[in-house]
Structures are given as C-alpha cells and as structure tokens.
Amino acid sequence: MNIGIVLYPTFGGSGVIATELGKSLAEKGHRVHFISYEQPVRFEYFSENIFFHEVSVSKYPLFRFPPYELALTGKIVDLVKYENIDLLHVHYAIPHAAAAVMAKNILKNTSSINLPIVTTLHGTDITVVGRDKTYLPVIKYCIEQSDFVTSVSESLKQDTIDYFDIKRPIEVIPNFLDIKRFKNLNNDDLKRQIATKKEKIIVHASNFRKVKRVDDVLKVYTKIADKIPAMLLMIGDGPERKSLENKCRNHKYGKNIKFFGKQSRIEEILSIGDLFLITSETESFGLAALEAMACEVPVICTDTGGQKEVMQDGKTGFCCSMGEIEEMVEKAIYILEDEKRLQVFRKSARAHAKDFDQEKIIPNYEALYQRVLM
Ligand code: GMT
C-alpha cells in the first residue's frame, strides 16, 4: 500500500504513535509518506520506503495567522495526484482531519479521484481543544466525513460520541510500543550517578501543559519525600515548566529535583525509575505511563479518561482520583516502602505492557486499511 500519514512531528504521543506506525508499516513493505511541518522526531534513519514531505506556509504581511491548513490541504492534493497515495491516515483531528476532508472534496470534484481518509482521535483534540465551541462544528463534520474513525481508548470513543453527538461507528485501536525497545536497561551506573542506594527515583514525563497538573506531581513528590528519601526527575517541556522549575529552586527538596527537558531516549531514564507519576486532569490513554510500565516502573495515575484501560489497578500501580494528593501519596508509599512488593509491581507492569506490543496492535491498522480499500 502507498499510505500518507499526516502528523505532528513532536514528542507528543500522537506524533510518536503516527511515526512508529509509519516506520513499522514501511518495514512490512508498504510505502509511507509522512506529511508535516517538520521531520518527525522519532523518524531518525533512512528507509527506502519512507518519504518525508514538509508543509511550508508562505509568509505575507497580511497574514496575522499563516494558513497552515490550506498549505497542508494543497500538499495532500499534490501528493495524492503525483505519488498515487492509496489512503490518507490523519492523526489528531485539529487541523489535520479538516485539511484531509477539504483535500478529499477537491480531488473528487476536480479530478474524480477518491481519497479514503482514516482519522485517529488522540485525546485533547476531543477532550480539551475539541470542546471549544469555535471548533465543534468543524470537528463534528470532519469526523462524520472521514471514511473510518479510530480512537485510542474506549473512554475517548465515548467522549467523542457524547461531546459531538456522533452516530457513526468509531473503532478503538489502543496505542502501542515496541516492547523490545522499551525494557529495563539495568542502567545501574546511571542510577548511582543520580541517586544514592537509599533514595527512590520518581519520574514524570509530559508536555507540561495545564491538563497535566504538574503542580500535583510536586505536591505528591514532596509528601513522599517527607517519608522516604526520594529524587524527582522531570522529563519534557512545555508552558507550565518554567513556573514549576522556579518553585523547585526554593523548595525544601530542590536539590533532589531535576528537570531534564525533552529526551529522545526516554527508556534510559525510565529504566532507573522506581515509580512513574502522572496526575493529569484527563488522559485519553497515557502513552508515557505505558512506556514506564514496559521499563518495569509501576505507575500512579489519575483515574480519568482511558488510563484505567491501560493500567491494572492494584497490580501495575494505582489509579487515584484527580487532585487527591493524599490518596496518591499513600498508594505511592505502599509500593515504595517494601522492596519485595515493589518488585512484584515491577514485574506485573512489564507483563501487562506486553499486551500493547506493536506486533499485536499494528495489524489492526493494516486490517482497517484493507477494509478501507475494498
Ligand atoms: O495533549 C497531549 O498530551 C498530547 C497528545 C498528543 O497528541 O500527543 O496526547 C494525547 O494523545 C496521546 C497518544 O494517543 C495519548 O497517549 C495521551 O493520553 C493524549 N493526551 C491527553 O489525553 C491529555
């Protein structure tokens, strides 16, 4: 198959999933065309089956808001005509699905070409940005006009149906990872550089947006550190990082809190972790938590969105009520205070993460593409 994949090129989960999907499809012999404004961060080698098409938006003094959607639409039309793309898979509804639907209409009306569109909903395109009344009619229309729609969890599917009054079918295909890459690397040297033998290592990774409630991460960590010697490693970057980092500079455990920024080999840091903390207001899936579990790190997360579908509550970690700091602290200490118990959680986390191995999940997308092209 000749597949176009429209994606965000960033460290964010939707970009990671779209890139890894494309890489895996290319290995299976499909031709993959990544379409984005920058080369995807997870696409870091040459493959004869992968092509990258950069969307560039021309600057003009009149444009206060450069029209990225139009540039993307034009690029899709061009590629479908001249690269013979069989189907287009767009990740994240805004604005990718809108550009795809517009391209589909242009191709149909000007060239009688049918462009099948698969739209994958990832999370905030529905639960945060999508709920903005300004976008609502556009997103609803694009979901209805796509040939197939998938969501990364049952919870996100239900949110989509509820918020947008969607009657069409939505297929759930959970996110995935490469279990051979995401494993505990037994990196004891690094562990000893970061923490002493007595100290536990708590890790958080996100894009530091408001929805992640990173202040809660600090609150939970502080109360854990009051009871158990612990370090806090913060991975990623985003709008809330600066103010949190400032707070940590004057914090009583400030010297034990480290901000590492964006990391392309996150499995190396996850491998030295004892606990992964994710305190989001909503999380459609929680790919970072799954990556932690695969590296044998138990997870404390909120019970919002699709996280309960990724976790086994009480086995791979605990799902706690959003904002309930005491509950999260209590569960974290329960896991960390007993080394034998921690080992049991570690093994369960790894075992459960294997259910999300890309070898098991990606064939669902291939089967979907076959149905699209029938
Ligand atoms: O808002 C984000 O966290 C970024 C967003 C993305 O598009 O990268 O993440 C969403 O999609 C990921 C991949 O499907 C999911 O693992 C995340 O849970 C989801 N984020 C939220 O729902 C907040």
Side-chain angles (χ1 to χ4, degrees), residues 5-22 36-38 40-43 89-97 118-132 135 139 149-160 162-163 170-178 182 204-214 216-217 234-241 262 264 266 270 276-294 299 301-311 319 322 353 356 358 361-362 364-365:
I5 295 184
V6 179
L7 72 163
Y8 282 107
T10 58
F11 285 96
S14 71
V16 167
I17 287 297
T19 312
E20 296 297 347
L21 173 63
S36 191
Y37 55 80
E38 233 167 58
V41 284
R42 284 272 187 107
F43 172 44
H89 189 171
V90 299
H91 291 261
Y92 208 88
I94 306 169
H96 298 158
V118 177
T119 295
T120 290
L121 308 170
H122 277 275
T124 49
D125 47 352
I126 298 300
T127 56
V128 180
V129 201
R131 294 185 81 174
D132 183 331
Y135 301 121
I139 299 176
V149 177
T150 75
S151 87
V152 299
S153 63
E154 289 290 345
S155 148
L156 184 62
K157 173 180 169 175
Q158 199 51 51
D159 285 344
T160 309
D162 294 345
Y163 298 159
I170 297 177
E171 194 159 321
V172 175
I173 302 183
N175 284 336
F176 55 83
L177 45 54
D178 179 0
F182 285 89
H204 169 81
S206 76
N207 49 23
F208 287 72
R209 297 210 202 116
K210 271 218 155 18
V211 70
K212 304 291 176 180
R213 295 178 63 100
V214 286
D216 283 3
V217 173
M234 302 292 276
I235 317 299
D237 213 328
E240 303 297 308
R241 173 179 169 176
K262 292 175 182 168
S264 51
I266 191 171
L270 290 172
F276 188 84
L277 206 50
I278 179 121
T279 54
S280 307
E281 182 182 328
T282 176
E283 201 67 58
S284 68
F285 184 89
L287 185 62
L290 177 62
E291 290 174 347
M293 282 158 56
V299 172
C301 65
T302 40
D303 60 6
T304 52
Q307 297 185 97
K308 293 186 291 269
E309 296 167 46
V310 182
M311 291 273 286
C319 302
M322 192 256 291
F356 297 87
Q358 59 185 34
I361 308 290
I362 288 181
N364 294 315
Y365 280 114

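Small disclaimer: the values here were computed from a predicted structure and weren't measured. Atoms within a ligand are numbered from 1 in the order they appear, just like the ligands themselves.
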* Asked: What pairs with Lys210 under side chain to side chain contact (heavy atoms under 4.5 Å, CB included), at least two apart in sequence or on another chain?
  -> Glu240
* Could you tell me whether the side chain of Glu309 and the main chain of Glu154 form a donor-acceptor pair under 3.5 Å? => yes
* To do: Non-hydrogen atoms closer than 4.0 Å to ligand 1: which protein residues do they belong to? List them by chain and number, please.
  => Gly12, Gly13, Ser14, Tyr92, His122, Gly123, Thr124, Val152, Asn175, Asn207, Arg209, Lys212, Thr282, Glu283, Ser284, Phe285, Gly286, Leu287
* Are Glu171 and Lys157 close enough for a salt bridge, meaning some N to O gap below 4.0 Å? -> no
* To do: Indicate the ring-plane relationship of Tyr8 and His96, choosing parallel, tilted or perpendicular according to the 30° and 60° boundaries.
  => tilted
* To do: For His91, enumerate each residue passing the ring pair (Phe, Tyr, Trp, His ring centres under 6.0 Å) test, keeping only those at least two apart in sequence or located in another chain.
  => His89, His122
* Asked: For Phe176, which residues count as a ring pair (Phe, Tyr, Trp, His ring centres under 6.0 Å) partner, sequence neighbours excluded?
  -> none
